[in-house]
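All values derive from a computational prediction rather than experimental measurement.
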Amino acid sequence: RQLHGETMEMDDGMASSLNQLPKSVLGGYVVSNDFYSDAIRRDEKKHCHYPLNARPLSLKSWLKEHRISYSFANVGTADVDGEIRLEFLPNPRNNLIEAIDAHQRIHQGMR
């Protein structure tokens, strides 16, 4: 749960790591647990008159590759007052998250 006025930011190491990732994994992502069912239905109705081989990329297929689901979980950390701190955890099976993780593992092994 994000509190009012609280923001989530990348640290400098993560931001510089993103600049070194292959361009194929960059290009727009949405972080959401919403499945966008209403928007997908509207998109499918809009393109249903096209022949199958001429349809533009559907919202459903784009979201399948570019929607990063997430959760907040207790990973054993606490704040300075000893309160349990819930960490933001993106879905590790997303292409972007896998690429970031692989990049960090490769570069940590080089140190």
Side-chain angles (χ1 to χ4, degrees):
R1 191 179 84 169
Q2 192 171 352
L3 301 175
H4 177 69
E6 189 177 300
T7 60
M8 291 184 272
E9 298 177 2
M10 280 190 258
D11 61 28
D12 291 336
M14 177 66 79
S16 64
S17 291
L18 286 176
N19 293 331
Q20 299 170 15
L21 289 172
K23 296 298 179 213
S24 61
V25 299
L26 302 175
Y29 285 82
V30 60
V31 178
S32 176
N33 283 333
D34 188 342
F35 287 103
Y36 298 97
S37 300
D38 293 339
I40 289 170
R41 262 193 306 280
R42 282 192 305 272
D43 184 62
E44 288 172 347
K45 284 181 184 178
K46 183 170 71 173
H47 296 115
C48 69
H49 62 280
Y50 288 102
L52 284 176
N53 63 353
R55 289 185 183 171
L57 177 67
S58 71
L59 178 61
K60 184 177 184 176
S61 63
W62 187 88
L63 284 169
K64 185 176 180 181
E65 296 295 321
H66 295 89
R67 184 182 68 88
I68 304 172
S69 59
Y70 65 92
S71 64
F72 287 93
N74 177 359
V75 293
T77 59
D79 63 18
V80 293
D81 299 323
E83 295 289 321
I84 293 173
R85 187 173 147 193
L86 298 179
E87 297 289 331
F88 172 79
L89 299 173
N91 181 350
R93 292 182 301 249
N94 178 275
N95 293 339
L96 177 63
I97 304 306
E98 286 179 353
I100 291 169
D101 184 52
H103 177 78
Q104 288 178 336
R105 279 186 275 121
I106 289 168
H107 287 324
Q108 287 173 353
M110 294 179 165
R111 291 181 187 169

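With rounding to the nearest 0.5 angstrom, the CG atom of L86 is 9.5 Å from the OG atom of S71. Between the NE2 atom in H103 and the CD atom in Q108 there is a gap of 9.5 Å [rounded to 0.5 Å]. Rounded to the nearest 0.5 Å, atoms CG (D79) and CD1 (I84) are 10.0 Å apart. Once rounded to the nearest 0.5 Å, the distance linking CG of N95 with NE2 of H66 reads 8.0 Å.
Side chain of R67 to main chain of S32: a donor-acceptor pair is present (N/O by atom type, distance under 3.5 Å, no hydrogens or angles). N91 places a side-chain N or O within 3.5 Å of a backbone atom of R93 that can act as its donor or acceptor partner. Using a distance-only test at 3.5 Å, with no hydrogens or angles considered, a donor-acceptor pair links the side chain of N33 to the main chain of Y70.
Taking 4.5 Å as the limit, every side-chain heavy atom of V30 sits out of range of all side-chain heavy atoms of I68. Between Y36 and D43 there is no side-chain heavy-atom pair separated by less than 4.5 Å.
Ion pairing between D101 and R105 holds under the 4.0 Å rule for side-chain N and carboxylate O. A salt bridge links E87 to R85: at least one charged side-chain nitrogen sits closer than 4.0 Å to a carboxylate oxygen.
Ring geometry for H47 against Y50 counts as tilted: the plane angle lies between 30° and 60°, on a 0 to 90° scale.
Within 6.0 Å of atom CG in L57, more than 12 heavy atoms from other residues, nucleotides or ligands are found, so the atom counts as buried in its surroundings.
Using a 4.5 Å cut-off between side-chain heavy atoms of Ile, Leu, Val, Met, Phe, Trp and Tyr, with links allowed through other members, L96 and F88 fall into the same hydrophobic cluster. Tracing side-chain contacts under 4.5 Å through hydrophobic residues (I, L, V, M, F, W, Y), one never reaches L89 starting from V31; they form parts of separate clusters.
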